[in-house]
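Working notes for the structure below.
Order of listing sets the numbers, starting from 1, for every ligand and every atom in it. Note: hydrogens, waters and symmetry copies are ignored here, and every other heavy atom, side chains too, is used.
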Amino acid sequence: MPGRIVLGTQFGDEGKGKITDYCAESASMIVRFQGGNNAGHTVKIGEEVYKFHLLPSGVLRPEKLAVIGNGLVVDPIVLLQEVNDLKERGFKVDNLRISDRAQVIMPYHKIIDGLEEQAKGKMAAGTTMRGIGPCYTDKVARWGIRIVDLIDEEVLKAKLTSIVPMKQKIIQAFGGTEHLDAEAIWSEYAGYGRQIRDYVLDASVLINAALKSDEEVLFEGAQGTHLCIDFGIYPFGTSSNCTAGAALTGAGVGPGKIQKVVGVTKAYTSRVGTGPFPTELDDEVGEGMREKGGEFGTTTGRPRRCGWLDLVMVGHSARINALTSLAVTKIDVLGGMDKIKVCTEYEYDGGIIRDFPANMRILSQCKPIYKEFDGWDDKTDEGWTEAAQMGYDLLPEDMKTYLNFMEQELEVPVGIVSVGPARAQTIIKGQF
Ligand code: IMP
């Protein structure tokens, strides 16, 4: 049975929550492998809408294990809040497991996130202010507090005694006025440790045992390839690796265990945060996508910047992640448009660019070259549900032309087409 990765091929917000939930059907375990509560996953089951920032979306399926891998940065306040919210909605949440090696977001990380953003000026990424970057910084600098430390009160105290005075100096150096009290932080966070300790274990042992027993394991990506710390729009992305490779290091499995990599791709592009965005539409067409697609950040509520699908961008993701299939989402949002454009290459300085540039100055000057397609009629929400039930072959011909073009350009087959947020608004075209 396969290890299957589901990840985003754009700037995050591709609709991974729904696709992950769909793929979770056949898996015995769902594992998040990177990021933290900067993510925002929305899952709609019947009339109930669930929004998560940290918990793997598989937590909604009590018969499956939902695992927070070592690659995450975990804010225990958010973790406990999400667990308690679910308990109030009738879930037991006894299927949650947390890697002892995951990092902990501490109060000073959140303070420093804000101070650094202010200090960075034009280099600011427009972060979610959740302390993600400073926590990953500490992980790499070996100042981090791991979950295993959080549940060991003595170790936690010893580490905080060394770390807090240093963080205080950093806050002051940035002009911050917040005062850190090591004793108070210790007592608060040791309390969180006591509340989560029953969920904690060596997650890689659990995950590898499942794979060895031929069970299907689903690795749930957060953010998107173009926010990846290595392959994204540096320095405007996030601080973790968001690519298929991160599923291995962020969960503790070897490459031979992964058979499928599903690239979730929105039928257009959106971005919350700063940085170059070649196909951005600063007009009523982009505004229409934002309104109709509900393109407002799940985590921060900020309006997302919107634009046409960019296959230079998605091609970069197809290559880096060795995608085995595409899950195309929110294609219903494009319904009712007369013409739909897709960017196939960039024009820069009189030449043509086909590979996504690393240089942000060049990227910001790239002009998209578009191929234009005829649009298709719009439908009501029920109309799209009916269309989904009738299957791929009966979808509007112009929509199929658009999807076929994506497949040909990217050399990756489309496995799933999503025409709305509900599970029933999902069409299976091929293997995924
Ligand atoms: P951070 O991850 O909070 O450090 O934010 C860094 C950048 O990534 C900002 O531009 C955020 O808006 C963006 N970002 C982080 N997480 C997500 C996500 O889940 N979806 C979309 N954008 C995100």
- [ ] Show your reasoning for whether side-chain contact (heavy atoms from CB on, under 4.5 Å) applies to R4 and V217.
- [x] CA-CA 6 Å; R4 178 190 277 134; V217 175; over 6 Å; no
- [ ] Answer yes or no for K339 and F373: cation-pi contact, defined as NZ/CZ to six-membered ring centre under 6.0 Å and angle to ring axis within 45°.
- [x] no
Open item on the list: At under 4.0 Å between heavy atoms, is it the side chain or the backbone of Q10 that contacts ligand 1, or both, or neither?
Closed with: neither
- [ ] Taking the side chain as every heavy atom from C-beta outward, state whether I185 and V164 have any pair of such atoms under 4.5 Å apart.
- [x] yes
Task: Nitrogen or oxygen of Q223 less than 3.5 angstrom from that of ligand 1 - done: yes
Check residues 100-108 and write down every donor-acceptor pair under 3.5 Å in which the side-chain atom is one partner and the other belongs to a residue at least two apart or another chain.
from: R101; atom 1: NH1; to: D202; atom 2: OD2; distance (Å): 3.3

Open item on the list: Between R130 and D113, is the salt bridge (charged side-chain N to carboxylate O under 4.0 Å, His left out) condition met? List the steps.
Closed with: CA-CA 7 Å; R130 304 295 194 260; D113 198 350; over 6 Å; no
Open item on the list: Considering non-hydrogen atoms of the protein only, which is the closest contact for atom 10 (O) of ligand 1, and what is the distance?
Closed with: A125 O, 2.7 Å
Open item on the list: Checking the N or O distance criterion of under 3.5 Å, is ligand 1 in contact with V272?
Closed with: yes
TODO: Select the closest option to atom 13 (C) of ligand 1 among V73, L227, I132, judged by heavy-atom distance.
DONE: L227
Task: Salt-bridge criterion met for K266 and E14 (N-O under 4.0 Å) - done: no
Task: salt bridge (charged side-chain N to carboxylate O under 4.0 Å, His left out) evaluation trace for E220 with R32 - done: CA-CA 5 Å; E220 170 180 2; R32 261 198 73 178; 5.6 Å; no
- [ ] Look only at interatomic distance and state if G133 has a nitrogen or oxygen under 3.5 Å from any nitrogen or oxygen of ligand 1.
- [x] no
Task: Those atoms of ligand 1 less than 4.0 Å from some heavy atom in F11 - done: 21 (C), 22 (N)
TODO: Could you establish whether G237 and ligand 1 come within less than 4.0 Å of each other, counting only heavy atoms on the residue side?
DONE: yes
Task: Shortest protein heavy-atom distance from atom 3 (O) of ligand 1, along with the residue and atom involved - done: T128 OG1, 2.5 Å
Task: Atoms in ligand 1 flagged as close to R271, the criterion being non-hydrogen separation under 4.0 Å - done: 10 (O)
Task: Main-chain N/O of W308 paired to T269 side chain as donor or acceptor, under 3.5 Å - done: yes
Task: Within-cut-off N or O pair, D113 and ligand 1, under 3.5 Å - done: no
- [ ] Verify whether the ring centers belonging to F11 and F236 lie closer than 6.0 Å.
- [x] no
TODO: Indicate yes or no: does an N/O atom of T238 lie under 3.5 Å from an N/O atom of ligand 1?
DONE: yes
Task: Nearest protein heavy atom with distance in Å, relative to atom 20 (N) of ligand 1 - done: D13 OD1, 3.1 Å
Task: R130 N/O to ligand 1 N/O under 3.5 Å - done: no
TODO: Report the nearest protein non-hydrogen atom to atom 9 (C) of ligand 1: residue, atom name, distance rounded to 0.1 Å.
DONE: G126 O, 3.2 Å
Task: Nearest option to atom 4 (O) of ligand 1, as decided by whichever heavy atom of T274, I233, T127 sits closest - done: T127
- [ ] Classify the contact between N38 and ligand 1 as side chain, backbone, both or neither, using a heavy-atom distance cut-off of under 4.0 Å.
- [x] both
TODO: Show your working on ring-ring contact (aromatic ring centres under 6.0 Å, His included) between H226 and H316 and close with a plain yes or no.
DONE: CA-CA 9 Å; H226 286 270; H316 177 82; 5.0 Å; yes
Task: Numbered atoms of ligand 1 (with element) below 4.0 Å of G273, judged on heavy atoms - done: 10 (O)
TODO: Report yes if the side chains of Y189 and I77 come closer than 4.5 Å at any heavy-atom pair, otherwise no.
DONE: yes
Open item on the list: I'd like to check which ligand 1 atoms, numbered from 1 as shown, lie under 4.0 Å from a non-hydrogen atom of F236.
Closed with: 7 (C), 10 (O)
Task: Partners passing side-chain hydrogen bond (donor to acceptor under 3.5 Å, both in side chains) against E82 (at least two apart in sequence or in another chain) - done: none
